[in-house]
A.B. asks: 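Before I ask anything, let me first share the structure, which is written out below as structure tokens.
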There are 2 protein chains.
Amino acid sequence: MRDVAALAGVSLKTVSRVVNNEAGVSPVVTAKVERAVLQLGYRHNLAASNLRRGDARTSTVGALLQDVSNSFSSSLLRALEDAAHQRDVAILASSLDEEPSRERTLVESLLRRRVDGLLIMPATERQDYLVDEVRGGLPLVFVDRRPQGVDADSVTVDNISGARQAAHHLVGQGHSRIAFLGDLTAIQTAAERLSGFESGLAERDMVLDPRLVVTEIRSDAEAMAALLEVLARPSPPTAVFAARNTVAIGAVRALRHSGLSSKVALVGFDDFPLADVLEPGLTVVRQDVRRIGEEVARLLFARIDGDVSPPHHIVITPELVVRGSGEIRPQ
Amino acid sequence: MRDVAALAGVSLKTVSRVVNNEAGVSPVVTAKVERAVLQLGYRHNLAASNLRRGDARTSTVGALLQDVSNSFSSSLLRALEDAAHQRDVAILASSLDEEPSRERTLVESLLRRRVDGLLIMPATERQDYLVDEVRGGLPLVFVDRRPQGVDADSVTVDNISGARQAAHHLVGQGHSRIAFLGDLTAIQTAAERLSGFESGLAERDMVLDPRLVVTEIRSDAEAMAALLEVLARPSPPTAVFAARNTVAIGAVRALRHSGLSSKVALVGFDDFPLADVLEPGLTVVRQDVRRIGEEVARLLFARIDGDVSPPHHIVITPELVVRGSGEIRPQ
DNA sequence: ATCACATGCGACAACGTTGTCATACGGGGC
DNA sequence: GCCCCGTATGACAACGTTGTCGCATGTGAT
């Protein structure tokens, strides 16, 4: 900037005015400065600018997701990006992989970078560690899981309702031996889906057979192995509820592998690309990811714009999408 | 920091030494400072720190991808993240949507933020605008498409080879009426896949019937519509090559919709989750995304670490994955 | 001709941090 | 008791930028 000023024969401050499009610089001088900028390949330094400006806006937000390569996380990221792009805000994206320590260090790292706001799909059970930040005015929105120990905005899905719908649907098709495949029960959403499924069955005067419940499943490969094992038992289930998208994918593989795709009913939680073109089409409980992303972006940017109203907790009700796999009747 | 120094009764510089874990501070003073840091909730400001330090490392890299919600882009992002995480580097991720102007403005915005390096899956045809930056030492790696007009590292896939393999495979199954469905021919990879497919046919003494070629397809919905139209013609193709993942998905839908899944052969370019559990399994030309991501990360961080060797152009050869859909014989 | 006032520009300090150098102190060797 | 040296700490300037204020110059009204 100093060089630009020297080349244009003006003061530093005048260059600053030009690059910031401030009023009060004559067209002649503006042109001289712009020529110098081009000639020297000068690029404005946002960090220094933000440092000097009091308002401390870095035009950057952080997004801590479960795994950016998972379709749920990446669709959410994309929705946030669309909103951020309009305001010239960049996104620092990271994956947490359900590791609490990773969440802690990444939050720390993002705050050091002075992000304007934070979107978190938490991997920790409690987020008390953020209390001071929120009190200090950090715009913070939780997604997929409600915050614990700190009062901040959240956008979540009614997992209980979704799992109940799945239970009712399968019972309605005449099933009574239904297997449940789920993720780590330490994960709030996973626990809710299990309890929602149980209460859905209870409402139809049934109980979930604990021998048909497998949890702590971390990948589609594990899900496939788990279901194969369950199907090999003496009295196998006639229907399966897979409580997460990767788990459902593993279940599809297991059924395919054992030639039971058209014999054992399957309902998944969370839609994913191509679920409709499987054979049979996969019946799922769908969370409207686009909508979730939009709500998250709306809340986050409202906070960044200074909204200090009490935290909002938006709950989106998922819907059952019937495609065939969930409508198979018990043999 | 000033407050911390005052509370601990030491100088600014000493606080700086403590937060940077510099040697030469007595344990007593270190403890006092750390207590003050905790008490005041002080957080180190990376931007100011980088400003003052000469080396200008922001520990941030930019990733400009085609669309972060597409499985190819998001897998790449994830691979880069894994490498970046080890070095405490954060990633600014954005989608370009094949819009050249978006690439330009996003590059500008990332450079203003003084990223340490840039990964670009270009949407522009030429990247001359980056010549000065590269000459100035900007670590820059292109992925999926080779740079034009600027000499920088790249990691690409041998699209010609992949498309030729697909052509040979389909011809080998006895097909002669083969449709080609592709993306915008302005996109380098799309053009290569078309010409590779043509030369693959030529090597078997066949020519691609221009009436069976549909390009400029932007979404799976468009691909589905295009293939339905082609299949409805008087002499429909007996096989289809879909030159991109979303195009292949649309093609699967079209075949399903017209009940031709087991009658018309289909080969896709680029694997995606679940392609193996379709009915029949989708035969694809697979690009090893993980490997691409690792190579990209390796190159990028080597440049950031000061590697000034001539640009490397890594070309990864894709392989045909046989799953059933590509082995259907002409009726 | 005088004054008030608007316009265009520059000097200077400050944002939060760290590199450089200086200083104070204690200990060991003679 | 003297000198030298290593160790711990601090004062100060500087990184690239912008907010504040002040100073010229020009304009229009009186």
Side-chain angles (χ1 to χ4, degrees), chain A residues 1-37 40-60 88 108-116 136-137, chain B residues 1-37 40-60 88 108-116 136-137:
Chain A
M1 190 151 156
R2 192 166 27 227
D3 300 340
V4 172
L7 181 58
V10 298
S11 75
L12 267 180
K13 178 66 216 195
T14 297
V15 177
S16 168
R17 279 191 258 259
V18 172
V19 302
N20 286 293
N21 289 316
E22 276 178 49
V25 183
S26 71
V28 181
V29 174
T30 304
K32 265 197 303 190
V33 171
E34 285 174 343
R35 205 173 325 126
V37 164
L40 296 176
Y42 163 78
R43 182 119 38 204
H44 191 217
N45 184 329
L46 252 189
S49 175
N50 287 325
L51 183 58
R52 172 55 228 215
R53 289 192 216 267
D55 60 1
R57 283 294 160 77
T58 54
S59 291
T60 306
D88 250 313
E108 183 65 27
S109 148
L110 291 174
L111 292 179
R112 276 192 210 292
R113 287 180 164 83
R114 296 294 189 272
V115 292
D116 295 338
Chain B
M1 189 151 154
R2 192 168 24 228
D3 301 340
V4 172
L7 180 59
V10 299
S11 76
L12 267 180
K13 178 67 215 192
T14 297
V15 177
S16 168
R17 278 191 258 260
V18 172
V19 301
N20 286 293
N21 287 318
E22 278 179 49
V25 183
S26 71
V28 181
V29 174
T30 304
K32 264 196 303 189
V33 171
E34 285 174 344
R35 204 173 325 126
V37 164
L40 296 176
Y42 163 79
R43 181 121 37 204
H44 192 215
N45 184 329
L46 251 191
S49 174
N50 287 325
L51 183 59
R52 173 56 230 221
R53 289 191 215 268
D55 60 1
R57 284 294 161 79
T58 54
S59 290
T60 306
D88 250 314
E108 183 65 27
S109 147
L110 291 174
L111 292 179
R112 277 192 210 291
R113 287 179 164 83
R114 294 296 187 273
V115 291
D116 294 338

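The chains referred to below are lettered A, B, ... by the order of the sequence lines, with proteins before strands, and numbering in each begins at 1.
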A.B. asks: Nearest 0.5 Å, what's the CG-CG distance between A:L51 and A:N45?
C.D. replies: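 Result: 9.5 Å between the selected atoms.
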
A.B. asks: Report the distance from atom OG1 of B:T58 to atom CG of B:D116, rounding to the nearest 0.5 Å.
C.D. replies: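 Answer rounded to 0.5 Å: 3.5 Å.
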
A.B. asks: Within this structure, what is the CZ-CG distance for the pair B:R57 and B:L46, rounded to the nearest 0.5 Å?
C.D. replies: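 Rounded to the nearest 0.5 Å, the CZ-CG separation comes to 13.5 Å.
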
A.B. asks: When the distance from CG of B:L46 to C1' of C:dT18 is rounded to whole Å, what number comes out?
C.D. replies: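 Nearest whole value for this atom pair: 13 Å.
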
A.B. asks: Atom NZ of A:K13 to atom P of C:dA13: distance rounded to whole Å?
C.D. replies: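 A:K13 atom NZ is separated from C:dA13 atom P by 15 Å.
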
A.B. asks: Nearest whole Å is fine: how far is D:dG16 P from A:R2 CZ?
C.D. replies: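 Those two atoms, CZ and P, are 7 Å apart.
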
A.B. asks: Between D:dA14 atom C1' and A:L12 atom CG, what is the distance in whole Å?
C.D. replies: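 Going from CG in A:L12 over to C1' in D:dA14 covers 14 Å.
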
A.B. asks: Give the rounded distance in Å between these two atoms: CG of A:N50 and P of D:dT17.
C.D. replies: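 About 12 Å, once rounded to whole Å.
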
A.B. asks: In whole angstroms, how far is the P atom of C:dT18 from the CZ atom of A:R112?
C.D. replies: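 About 11 Å, once rounded to whole Å.
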
A.B. asks: Using heavy-atom distances to pick each residue's nearest nucleotide on DNA chain D, tell me which of A:V15 and B:P27 is more 5'.
C.D. replies: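 It is B:P27, whose closest nucleotide lies nearer the 5' terminus.
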
A.B. asks: Send over the distance from A:M1 CE to C:dC12 P, rounded to a whole Å.
C.D. replies: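 In whole Å, C:dC12 P lies 16 Å from A:M1 CE.
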
A.B. asks: Is there a side-chain contact between B:R114 and B:T60, using heavy atoms and a 4.5 Å cut-off?
C.D. replies: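 Sidechains of B:T60 and B:R114: no contact.
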
A.B. asks: Would you check if there is a donor-acceptor pair between the side chains of B:N50 and A:R113 at a distance under 3.5 Å?
C.D. replies: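 The answer is no; no qualifying pair exists.
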
A.B. asks: Whole angstroms only, please: what is the CG-C1' distance between B:L51 and D:dT17?
C.D. replies: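 Taking atom C1' of D:dT17 as the reference, CG of B:L51 is at 8 Å.
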
A.B. asks: For the base of C:dT18, is there a side-chain donor-acceptor partner from B:R52 under 3.5 Å away?
C.D. replies: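 Indeed there is one.
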
A.B. asks: Counting any heavy atom closer than 4.0 Å, what does B:S16 reach on the DNA or RNA strands: base, sugar-phosphate only, or nothing?
C.D. replies: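 Result for B:S16 = base.
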
A.B. asks: Can you work out whether B:V25 or A:V19 has the more 5'-proximal nearest nucleotide on DNA chain D?
C.D. replies: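 First, find each residue's nearest nucleotide; the 5'-ward one identifies B:V25.
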
A.B. asks: Between C:dT18, D:dT9, D:dT18, which nucleotide has the shortest distance from any of its atoms to the side chain of A:N20?
C.D. replies: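 So the nucleotide nearest the side chain must be D:dT18.
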
A.B. asks: For B:T14, answer base if it contacts any base atom (sugar-phosphate contacts may also be present), sugar-phosphate if it contacts only those atoms, and nothing otherwise; contact means non-hydrogen atoms under 4.0 Å.
C.D. replies: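 Sugar-phosphate only.
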
A.B. asks: Is there a side-chain polar atom (N or O) of A:S49 under 4.0 Å from OP1 or OP2 of D:dT17?
C.D. replies: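 No, because none of the side-chain N or O atoms of A:S49 sits under 4.0 Å from OP1 or OP2 of D:dT17.
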
A.B. asks: Taking only N and O in the side chain of B:S26, is any of them less than 4.0 Å away from OP1 or OP2 of D:dT9?
C.D. replies: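 The answer is yes; a side-chain N or O of B:S26 sits under 4.0 Å from OP1 or OP2.
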
A.B. asks: Of all the nucleotides listed (D:dA8, C:dC9, C:dT18), which has the minimum atom distance to the side chain of B:R53?
C.D. replies: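 Closest nucleotide to the B:R53 side chain: C:dT18.
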
A.B. asks: Looking at C:dG10, does its base get a donor-acceptor pair with the side chain of A:R17 below 3.5 Å?
C.D. replies: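 Per atom types, the contact qualifies.
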
A.B. asks: C:dT17, D:dG10, D:dG19: which one has an atom nearest the side-chain heavy atoms of B:N45?
C.D. replies: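 Selected nucleotide (nearest to the side chain): C:dT17.
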
A.B. asks: Tell me which nucleotide among C:dG19, D:dG19, C:dG16 gets nearest to the side chain of A:E22.
C.D. replies: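 So the nucleotide nearest the side chain must be D:dG19.
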
